[in-house]
Amino acid sequence: MESLVSLNGSEPSVCNSPLSTASIWQDVLAQAVTGELMAATNYSALATICDNPEEVAEALEHAQGEHGHAAAFVAEGRKIGVDVPSNINAKYWKRIREAFMRSIAERDFIACLIIQEVMLESFAVASYSRVGKVAPGSLGETFAAIASEEEGHIEHALDILRSDRAKAPEPFDEKLYQLHLDIMTTLTEMVAKECRHGQCDLCHGSCVKPSLSEVGLTTAELRGASLQHYLRTLDMLGLPGEVTLQWVTQLPV
Amino acid sequence: MGHATASLAAGVQRTDLDFALIGHQESWRSVSDVLAVLRGAERTRLPDAEIMEIFPWIPPRTICNVEVASATGAKARGVYIDCFIPPDHLDSEYVHDNIGRVRAAAACAIKAGARIVSLGGFSSILIEGSFDQLPGASDTIFTTGNTLTVAFVVQGIRKMCAVEGREICKSTLLIIGASGDVGSGCARCLAPFVKRVILCARNARRLRTLAAGLEADGIEVEIATSLEQVQYAADIVICAASVASPSLQLSRIAPEAIVCDAGYPKNLSPRSDMPGARVFFGGLGQIAGGLSFIPDFKGVLNRHPFPDVAHGCLLEGMVLALARRFEPFSQGRGFITRDRVEEIETIADFHGIHLAPLYNAQGPLDAIGTSKTEGHCWLSSGSMAAPVDGVRRGPYRSR
């Protein structure tokens with residue numbers, strides 16, 4: 001099958017779309033495509049540490065699915081006349097990728113699931129849902145459909161995580177907390193009001209955040225919706241709500 | 001375990017929860033203070049703009065453990081669950097969202113295994129109106145807490161009248177929000193002792209029903225669906241309306257009227273021009289045995305100038321838990337009677353939960369019975385006792 005998207009970075013391109021907000025969608029899509037590609041590589045790596053053949057197959061299936069999502073986003077970009085760049089080595093995504101690979105190196109299947117299914121998927125599902133509500137035409141439909149698909153496949157992962165927590169809640173919660181400090185700090189910096197530490201390496205021009213309001217989005221709602229989804233996912237795992245609320249309120253702003 | 005978790009590990013176990021308190025914050029300042037406690041003293045406070053953006057997204061959840069001690073030495077353990085209703089989202093356009101939040105908070109209480117749940121502020125709507133708003137069947141009992149609120153409002157009025165030397169039997173009583181559960185309960189308790197009662201609320205049908213009941217007992221009653229319709233200048237005013245923010249401007253009240261603001265959020269506008277009025281915040285009780293929170297939200301969740309003070313609606317659940325009476329003491333709207341108020345007062349009194357010292361936006365009303373002896377005298381007489389008039393005239397004023 002022809003590869004529709006590159007893993008290691010395609011060059012940002014000039015926007016030639018007649019759609020006045022196309023350059024904003026280009027940057028939004030760049031984040032989405034990069035996130036999907038990183039998820040695909042994460043699942044591929046996860047397959048290498050699974051003991052159970054069924055889990056291997058499932059991880060590879062997810063990898064393929066995420067790759068398909070990336071391709072769908074690239075195709076939506078083409079429809080509005082923009083080439084969508086991607087770069088899993090972009091600043092924030094690289095930090096997350098490195099944290100995930102540390103867990104792979106430790107063959108820590110549970111930590112990998114927490115990073116991918118609890119943290120990254122919370123941000124993906126919540127932000128895609130918000131984008132799906134405001135993006136025009138098929139672009140919005142694609143975001144909404146992928147949000148729904150992403151949400152659908154986390155249930156099995158949550159079952160595994162709940163089962164692991166039931167065996168030993170304290171070590172599980174401690175592991176989750178340590179991952180939270182690492183991954184969630186990065187994710188909340190990504191959706192902070194402004195990029196205080198320089199460019200994210202994905203926006204094709206200046207930072208897209210100040211322009212999001214032109215398409216009916218704000219970083220505040222993307223961050224709020226994502227953290228809400230994250231808290232609810234942690235609730236479903238059985239973590240005490242007051243503890244997870246403290247964790248979230250202590251994240252950087 | 002990370003310190004955020006460790007700090008809670010010392011809290012009470014969820015398996016033996018006596019009660020849960022459901023509430024919401026009254027102002028953005030109190031929201032900011034709550035989040036500051038959650039962030040920890042070592043971190044800077046969140047900027048106000050940031051708080052206003054993020055707060056509405058927080059799902060309802062427990063934020064702390066609560067322990068209340070009876071004067072008898074008994075203790076009851078529970079949790080405080082916040083609905084995270086933004087303080088500026090209390091008007092009608094947000095009602096469905098807010099009911100959803102209260103339902104979610106109720107589900108948290110059920111999941112936590114609370115035996116009885118008190119509903120504070122807006123959240124009492126869940127069982128004041130239709131009971132089917134509650135989450136599915138469970139062993140958890142819900143009470144609005146309104147009966148104890150009424151008890152403390154009435155006690156506060158009596159205390160102010162006594163200290164001010166007012167003859168309650170010669171007074172005209174105005175109740176704003178009279179068709180509500182607290183307002184109608186106050187009417188039933190106080191109307192028999194005043195010269196005339198004016199019931200003010202938007203719902204004329206409910207007002208007529210309430211008035212008919214009082215008139216049957218020979219009480220002179222006037223009803224008004226707006227303050228502009230009120231004929232007589234009231235000497236005693238109880239503000240118990242459901243308002244989205246402190247916006248009520250009183251007019252046509254007696255120059256030195258006693259005004260009890262029993263609302264949550266507060267009813268009276270800070271810009272109210274009532275220079276001679278004796279204003280106090282009503283419906284508050286104080287726990288002699290003490291109230292503690294883990295993490296320490298003392299003075300944050302209960303922002304009062306006195307320790308161990310809380311709203312009657314929340315105290316009712318604690319009182320019933322201390323008494324091991326896990327029953328829906330206050331449910332529905334319009335069922336608060338003098339007998340029921342006396343009953344909850346007696347239980348509260350037994351456990352050392354009394355009318356809190358009175359205060360208003362300017363601070364404590366120092367001259368009013370803050371000493372234990374005087375306070376106890378008043379409280380032991382209860383809100384249903386015969387009016388005590390002309391005791392002495394205190395030097396305090398609404399400042």
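Quick caveat, the model's predicted, so the values are computed rather than measured. Lettering follows sequence order; numbering is per chain, from 1.
- Between the side chain of A/S129 and the backbone N or O of A/V125, at least one donor-acceptor pair lies under 3.5 Å.
- For A/T244, the part sitting under 4.5 Å from any heavy atom of chain B is the side chain, from C-beta outward, and nothing else.
- No side-chain donor-acceptor contact under 3.5 Å links B/E316 and B/T149.
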Criterion salt bridge (Lys or Arg N to Asp or Glu O under 4.0 Å) on A/D164 and A/K175, from CA distance to verdict: CA-CA 12 Å; A/D164 193 70; A/K175 177 183 290 187; 5.5 Å; no

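- Heavy-atom proximity under 4.5 angstrom to chain B picks out A/A225, A/Q228, A/L231, A/R232, A/D235 from residues 225-237 of chain A.
- Contacts between A/L251 and chain B at a heavy-atom distance below 4.5 Å involve the backbone alone (N, CA, C, O).
- Between A/R95 and A/E189 a salt bridge is recorded (basic side-chain N to carboxylate O distance below 4.0 Å).
- Aromatic ring pairs are classed by plane angle as parallel below 30°, tilted from 30° to 60° and perpendicular above 60°; the pair A/H62 and A/Y43 is tilted.
- Counting non-hydrogen atoms of neighbouring residues, nucleotides and ligands closer than 6.0 angstrom, the CZ atom of A/R162 exceeds 12 such neighbours.
- The part of B/P47 that comes within reach of chain A is its side chain, from C-beta onward, which places non-hydrogen atoms under 4.5 angstrom from that chain.
- Aromatic ring pairs are classed by plane angle as parallel below 30°, tilted from 30° to 60° and perpendicular above 60°; the pair B/F293 and B/F297 is perpendicular.
- In this structure, the portion of B/F84 lying under 4.5 Å from any heavy atom of chain A is its side chain and not its backbone.
- Classification of B/R324 and B/D18 as a salt-bridged pair holds, one side-chain N sitting under 4.0 Å from a carboxylate O.
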